[in-house]
Amino acid sequence: MSSSSDLKITPVTASKIATVDFDNLTFGTVFTDHMFECDFKNGEWQTPVIKPYGNISVPPSARVFHYGQAVFEGMKAYKDENDDIFLFRPQENYERINKSAERLAMPAFPKEYFFNGLQELLKIDTDWIKKGKGNSMYIRPFVIATEGAISASPAQEYKFMIVLSPAQSYYAGEVKVLIAEKFSRAANGGVGFAKAAGNYASQFYPTSLAHQKGFQQIIWTDANTHEYLEEAGTMNVFFRIGDKLVTAPNNDRILDGVTRKSVIQLAQDNNIEVEVRQVTVTEIKEAAKSNTLLEIFGTGTATVINPIIGFSHSNEEFDLPKLDNSYASFFKEKLTNIQYNIEEDPHNWRIKVS
Ligand SMILES: *Cc1c(COP(=O)(O)O)cnc(C)c1O
């Protein structure tokens with residue numbers, strides 16, 4: 001393991017921050033002045049660097065382009081009223097990127113490199129993190145296979161990077177979802193549990209077909225029977241039946257979301273009954289017909305909680321009621337208050353960047 005002095009920092013000569021309109025950010029399109037980069041070669045991770053954000057150079061034969069050896073993470077930093085910066089359960093993201101990497105036969109990234117690099121990057125670009133609820137810094141760590149060789153085997157060379165993109169909370173509009181009856185995002189024994197880049201690529205086509213039918217997202221079902229509800233788009237999914245919350249258990253088809261496990265914990269803390277078990281399409285349609293299905297929402301770092309207002313399956317459409325005291329808004333408020341250092345944090349999820 002390396003000490004912090006091993007990180008080499010080359011700052012920009014002139015910041016581009018003045019060119020950015022922080023009141024009109026489109027998610028994931030603006031990047032800060034700096035990026036973190038660390039190469040893996042000769043069997044080890046080399047000296048990490050922080051340098052000006054810019055293009056990277058890799059050969060056209062880099063295996064990432066041919067065989068999709070690429071994994072990533074999504075996390076956020078938040079600034080409180082005192083200009084302190086906080087991360088939310090970052091250890092979870094660190095462990096998950098290495099779990100994802102292992103599944104794609106990629107090397108694990110050292111913990112000290114990850115946390116030291118991330119903290120130094122956030123500090124050097126601290127002016128880009130705006131305070132006030134809703135503002136955050138979206139953090140995108142990722143690893144790609146850079147070795148130039150197109151034989152079908154794991155690469156010997158990789159690049160680990162972190163880029164930062166300032167974000168505002170955004171209203172995703174009213175989200176209606178289509179329950180998948182034909183396409184699947186994951187299968188038993190596959191890579192569904194990993195944040196593998198290819199999992200996203202394979203969702204784009206079915207999702208664009210859903211768009212054409214007027215639905216913003218797909219609720220993915222199990223590949224064998226299309227009867228078990230698994231994830232909503234790129235989010236975990238919860239159903240509220242009566243006063244009870246239900247969500248599918250993690251398995252190798254479902255991404256172990258940090259927001260998901262935080263919502264389960266917050267439900268337990270607040271005496272909301274939560275069942276982690278398989279959820280069937282039949283059950284949800286019956287609950288919708290008997291008006292006991294009160295809410296569906298997705299959970300993920302980018303939007304936190306994403307309420308779903310209706311769904312369709314086998315040409316039957318269902319609308320969900322509009323509630324004044326939805327669980328979706330309760331959990332969003334609770335979670336963001338913890339993230340922005342507004343509320344107590346009994347589980348020590350909030351980690352101060354220092
Ligand atoms: C990233 C992701 C999630 C959400 O995970 P969080 O840790 O809550 O951000 C859910 N499902 C899929 C498929 C994902 O890629």
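When a ligand or atom number is given, it counts from 1 through the structure's own listing order. It should be emphasised that the depicted structure is a prediction, and the values quoted were computed from it without experimental measurement. Atom set for the values below is all heavy atoms of this structure, side chains included, hydrogens, waters and symmetry mates excluded.
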Discussion item. Looking only at distances, can you tell me whether any N or O atom of V258, backbone or side chain, sits closer than 3.5 Å to an N or O atom of ligand 1?
Written reply: yes

Worksheet item: Relative to each other, are the rings of F31 and Y53 parallel, tilted or perpendicular (30° and 60° limits)?
Response: parallel

Worksheet item: Do the rings of F160 and F114 sit parallel, tilted or perpendicular, given the 30° and 60° boundaries?
Response: perpendicular

Fill in: Location of contacts on E231 toward ligand 1, heavy atoms closer than 4.0 Å
side chain

Item to complete: Evaluate whether atom NZ of K41 has more than 12 neighbouring non-hydrogen atoms of other residues, nucleotides or ligands under 6.0 angstrom away.
Response: no

Fill in: Closest to atom 8 (O) of ligand 1 among T259, T234, T303 (heavy-atom distance)
T259

Discussion item. Among M235, Q203, R185, K195, which one puts a heavy atom closest to atom 13 (C) of ligand 1?
Written reply: R185

Response to the item:
of all protein heavy atoms, closest to atom 15 (O) of ligand 1 is Y200 OH, 2.5 Å

Discussion item. Quick test: of every protein heavy atom, which one is nearest to atom 9 (O) of ligand 1, and how far off is it to 0.1 Å?
Written reply: T301 OG1, 2.6 Å

Practice prompt. Check each of N98, I144, N199, L104 against V71 using the side-chain contact (heavy atoms from CB on, under 4.5 Å) test, and report the only one that passes.
Written response: L104

Worksheet item: Considering the options D125, I50, L164, I56, which one meets the side-chain contact (heavy atoms from CB on, under 4.5 Å) requirement together with M35?
Response: I56

Discussion item. I'd like to know if K195 and E73 make a salt bridge, using a cut-off of under 4.0 Å between side-chain N and carboxylate O.
Written reply: no

Fill in: ligand 1 contacted by R96 (non-hydrogen, < 4.0 Å)
yes

